[in-house]
Amino acid sequence: MKKILLTITAFLVTLLAVAQAPNLLNYQGVARNSVGNVLPSQPIGLRLSILSGSPTGPAVYTETRNVTTNAFGLFTVQVGSPGAITTTGTIAGVNWTAFGVGSGTKFLQVEIDPIGGTNYFNVGSTQLVSVP
């Protein structure tokens with residue numbers, strides 16, 4: 001009887017201990033101005049959008065942030081984390097599966113305002129893929 005209870009307890013503890021991935025995406029980039037010069041130690045405006053279906057598809061999540069680059073123009077953000085100035089949608093609300101409405105490939109579009117305002121220009125989109 002003790003073995004059965006121990007087995008059931010171990011099974012339930014294992015079942016409840018399944019980890020959940022946070023609803024965050026790491027992003028790192030180097031900020032440059034319109035002629036390609038690095039922007040060291042400078043505040044910039046940043047708008048990050050998750051697009052559905054194609055690099056020009058509809059945005060299913062958007063956030064804006066003000067970040068400061070380091071001495072090499074590098075900035076790092078966690079998309080979906082606290083600190084965004086504005087957001088549209090939620091990371092948890094994005095349909096990441098391959099089935100159903102809004103499913104399929106997702107792309108991350110990055111837009112920057114090199115003087116820290118909200119006059120963004122598109123610096124590109126890239127497909128989000130899993131990491132082995």
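Each residue takes its place number in the sequence, starting with 1.
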* Asked: Closest approach of L39 and P114, non-hydrogen atoms and distance?
  -> CD1-CB, 3.5 Å
* Residue that, paired with Y120, satisfies side chain to side chain contact (heavy atoms under 4.5 Å, CB included) out of I44, I112, T64 -> T64
* Identify whether F107 and F121 are in the same connected component of the hydrophobic contact network (ILVMFWY, side-chain heavy atoms under 4.5 Å). => no
* K106 and side chain to side chain contact (heavy atoms under 4.5 Å, CB included): which partner among V129, L25, L51, L128? -> L128
* Asked: How close do Q109 and S125 get, heavy atom to heavy atom, and via which atoms?
  -> CB-OG, 3.4 Å
* For atom CD1 of I115, decide whether the heavy atoms of other residues, nucleotides or ligands shown that lie under 6.0 angstrom number more than 12. => no
* Structure fact -> Those residues at least two apart in sequence (or on a different chain) that pass side-chain hydrogen bond (donor to acceptor under 3.5 Å, both in side chains) with Q127 are none
* Roughly how far, to the nearest 0.5 Å, is the OG1 atom of T62 from the CZ atom of R47? -> 7.5 Å
* N/O donor-acceptor pair under 3.5 Å between T69 side chain and S41 backbone -> yes
* Asked: Would a distance-only check, ignoring hydrogens and angles, find a side-chain to backbone donor-acceptor pair under 3.5 Å from N119 to D113?
  -> no
* To do: Please lay out, stage by stage, how T126 and Y27 fare under the test side chain to side chain contact (heavy atoms under 4.5 Å, CB included).
  => CA-CA 11 Å; T126 188; Y27 182 77; 5.6 Å; no
* Polar contact flag, side-chain donor to acceptor under 3.5 angstrom, E63-T87 -> no
* Asked: Which atom names give the shortest non-hydrogen contact between P82 and R65, and what distance separates them?
  -> O-NH1, 3.5 Å
* Structure fact -> S52 and V60 have their tightest heavy-atom pair at CB-CG1, 3.8 Å
* Interatomic distance, N23 atom CG to W96 atom CH2 [nearest 0.5 angstrom] -> 9.0 Å
* Are L48 and V123 in one and the same hydrophobic cluster, where Ile, Leu, Val, Met, Phe, Trp and Tyr link if side-chain heavy atoms are under 4.5 Å apart? -> yes
* Structure fact -> When L46, I91, L24, N26 are each screened for side chain to side chain contact (heavy atoms under 4.5 Å, CB included) with V79, the one that passes is I91
